[in-house]
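When reading the values below, keep in mind they use all heavy atoms of this one structure, side chains included, and skip hydrogens, waters and symmetry mates.
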Amino acid sequence: MSGIKQKIQNIIQLVPFPAVAMEVVRLVDNPKTSAAKLGEVISQDQALAAKVLKVANSPFYGFPKQISTINFAIVVLGFETLKEIVLSVSLASSLASKLDKDFDLEKFWRHSLLVGLMTKHLAKDLNYRVSGEAFIAGLLHDIGILVVAQYFKKEFQQIIQIGKRGEFSFEQIERRFLDNSTHYEIGSLLAEKWNFPDQLVEAIAFHHQPHLAPKNPLLPAIVYLAEYVCFKLGLENIEYADHDKSFAEDLPSVLEVLKLDESFLNDGFIETYRAKIQADVVKNQIFSGEM
C-alpha cells in the first residue's frame with residue numbers, strides 16, 4: 001500500500017463518531033425511547049442542548065411562549081428532526097477542528113445542509129421509503145472533502161487551484177494527488193468505519209455516478225438530483241465541484257435510474273423546491289453562522 005493510501009486508512013481509524021450523536025441515533029431508532037431519556041442524553045452536551053433549544057424557539061414553530069426545557073423542545077421538534085439536528089451539529093464540530101482558516105466551513109456546511117434538505121424533499125416526492133435516511137445521505141455526501149482539507153492540506157490546495165482552470169474534472173485531479181483516491185471514496189470509508197447502514201455508505205460513495213452503485217442506485221441518484229436542483233437554484237454551491245461538466249455528462253444516466261424524463265426537470269419543477277428550501281432555512285436557523 002502506498003504512503004497516501006496508508007495515511008488515508010490511518011486517518012479513517014482516528015476520526016471518531018461523536019459519542020452523544022451516536023447515543024441519540026441509537027435512542028431515536030428504539031421505539032421504546034422516551035423524550036425524557038433523550039433529554040437526559042442531550043443535556044450532557046451543553047452546546048448541543050443550546051442549539052436544540054434555539055431551533056425549538058425559531059419563528060418556524062410559532063410558539064407564543066419561550067421553550068426553556070430540552071424535553072419540551074424534543075416534543076416540539078419530533079424525534080426524527082432531532083436526530084437530523086444532532087447529527088449535523090455534532091459532525092460539524094468533530095470534523096472542523098483542524099481546518100485552515102481559509103477553508104470556508106460555514107459555506108461548506110450550508111451547502112451540505114441544503115443538499116440534505118433537498119434530498120429529503122425529493123425522496124418524499126419520489127416515494128423513497130425513508131426520508132430521514134435521505135436527509136443524512138444528502139447532508140454527508142461530501143464529508144470526504146473535510147477529511148482531505150484537514151489531513152492533506154497541500155494536496156487539497158493543489159486540487160482547488162488546478163480545478164479552477166477547468167481543464168480536468170475534480171475526480172481526475174483528486175486521483176492524481178491522492179494516489180487514485182477521491183473525496184467520495186474517502187467519505188464512504190469513514191461512513192463504513194462509523195457503522196453506517198450500507199445504503200448510506202453507498203450513497204456517499206456513488207453520489208457523483210449513482211448508476212454505478214451495485215446495490216441501491218436510487219438513494220445516490222436522489223442525492224445527485226438534489227445537488228443538481230440546488231445548483232440550478234444557485235444555493236450555496238461550493239467551488240470544489242465542476243458542476244456544469246459533470247451534470248451534462250451524468251444527468252441522463254441518473255434520470256434513467258429515477259425513471260424520469262429530462263423534460264420533467266423544467267423551470268417549474270426547479271422553482272417548486274425554492275419555496276420548500278426557504279421555509280427549511282428559517283426552520284433550521286440553528287445552522288447559520290455558528291457551525
Side-chain angles (χ1 to χ4, degrees), residues 58-60 81 84 88 104 106-142 145 163-171 183-184 203-204 206-213 216-289:
S58 71
F60 182 85
T81 298
E84 295 166 7
S88 306
D104 195 337
E106 180 183 346
K107 186 173 184 178
F108 174 86
W109 278 110
R110 282 187 63 82
H111 169 77
S112 299
L113 173 65
L114 288 166
V115 173
L117 293 168
M118 188 70 75
T119 305
K120 184 175 182 178
H121 285 301
L122 287 167
K124 183 178 179 181
D125 294 344
L126 295 172
N127 297 315
Y128 185 75
R129 63 189 187 283
V130 189
S131 60
E133 176 182 278
F135 172 83
I136 301 303
L139 177 77
L140 299 181
H141 74 288
D142 275 338
I145 291 178
K164 285 178 179 178
R165 300 176 197 165
E167 299 171 12
F168 307 97
S169 71
F170 272 96
E171 178 183 354
H183 72 275
Y184 43 90
I204 295 168
F206 291 96
H207 73 270
H208 280 278
Q209 294 181 306
H211 53 289
L212 299 181
N216 177 24
L218 187 56
L219 184 55
I222 295 172
V223 174
Y224 181 104
L225 184 60
E227 195 161 27
Y228 174 80
V229 174
C230 285
F231 170 68
K232 296 296 285 185
L233 289 173
L235 295 173
E236 295 291 343
N237 296 301
I238 55 177
E239 63 181 4
Y240 196 82
D242 48 347
H243 285 111
D244 282 318
K245 188 183 296 182
S246 64
F247 285 139
E249 292 174 356
D250 298 315
L251 188 58
S253 298
V254 173
L255 292 175
E256 189 174 335
V257 171
L258 295 170
K259 295 181 171 58
L260 296 176
D261 188 87
E262 196 157 349
S263 62
F264 187 74
L265 297 181
N266 54 38
D267 290 343
F269 173 85
I270 301 295
E271 287 300 322
T272 296
Y273 289 91
R274 188 186 298 276
K276 293 184 179 183
I277 287 297
Q278 286 172 339
D280 281 330
V281 168
V282 173
K283 172 182 172 182
N284 291 278
Q285 58 181 265
I286 185 173
F287 299 107
S288 60

Students often mix this up, so state it plainly: with edges at 30° and 60°, are the rings of Phe269 and Phe264 parallel, tilted or perpendicular?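 If you compare the ring of Phe269 with that of Phe264, the planes turn out tilted.
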Interatomic distance, [X] atom [atom1] to [Y] atom [atom2] [nearest 0.5 angstrom]:
| X | Y | atom1 | atom2 | answer |
| --- | --- | --- | --- | --- |
| Leu225 | Leu251 | CG | CG | 7.5 Å |
| Leu218 | Leu258 | CG | CG | 6.0 Å |
| Phe108 | Leu113 | CZ | CG | 11.5 Å |
| Leu233 | Leu114 | CG | CG | 10.0 Å |
| Leu139 | Ile204 | CG | CD1 | 9.0 Å |
| Thr272 | Ile277 | OG1 | CD1 | 12.0 Å |

Grab the two heavy atoms, one from [X] and one from [Y], that are nearest each other, plus how far apart they are.
| X | Y | result |
| --- | --- | --- |
| Asn216 | Pro220 | O-CD, 3.0 Å |
| Val257 | Ala221 | CG1-CB, 3.8 Å |
| Val223 | Gly138 | CG2-N, 4.0 Å |
| Ile222 | Ala123 | CG2-N, 4.0 Å |
| Pro217 | Pro210 | CB-O, 3.3 Å |

Is any side-chain heavy atom of [Y] closer than 4.5 Å to one of [X]?
| X | Y | value |
| --- | --- | --- |
| Asp250 | His211 | yes |
| Tyr128 | Leu122 | no |
| Leu265 | Leu255 | yes |

Indicate yes or no: does Asp125 engage Lys120 in a salt bridge with an N to O separation below 4.0 Å.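 Salt bridge absent between Asp125 and Lys120.
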Is the backbone of Lys107 close enough, under 3.5 Å, to the side chain of Asp104 for a donor and an acceptor to pair up by distance?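 Such a contact is found between Asp104 side chain and Lys107 backbone.
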Do the two ring centres, one from [X] and one from [Y], sit under 6.0 Å apart?
| X | Y | result |
| --- | --- | --- |
| Phe206 | Tyr184 | no |
| His141 | His111 | yes |
| Tyr224 | His207 | no |

Going by distance alone, is a donor N or O of one side chain under 3.5 Å from an acceptor N or O of the other, for Asp142 and His183?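 Yes, a side-chain donor-acceptor pair sits under 3.5 Å.
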Counting neighbours of CG on Asp267 that are heavy atoms of other residues, nucleotides or ligands and sit closer than 6.0 Å, is the number greater than 12?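 Open: at most 12 neighbouring heavy atoms sit under 6.0 Å from CG of Asp267.
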Can you tell which of Glu271, Met118, Arg274 makes a side-chain contact (heavy atoms from CB on, under 4.5 Å) with Val229?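 Exactly one option meets the side-chain contact (heavy atoms from CB on, under 4.5 Å) with Val229, and it is Met118.
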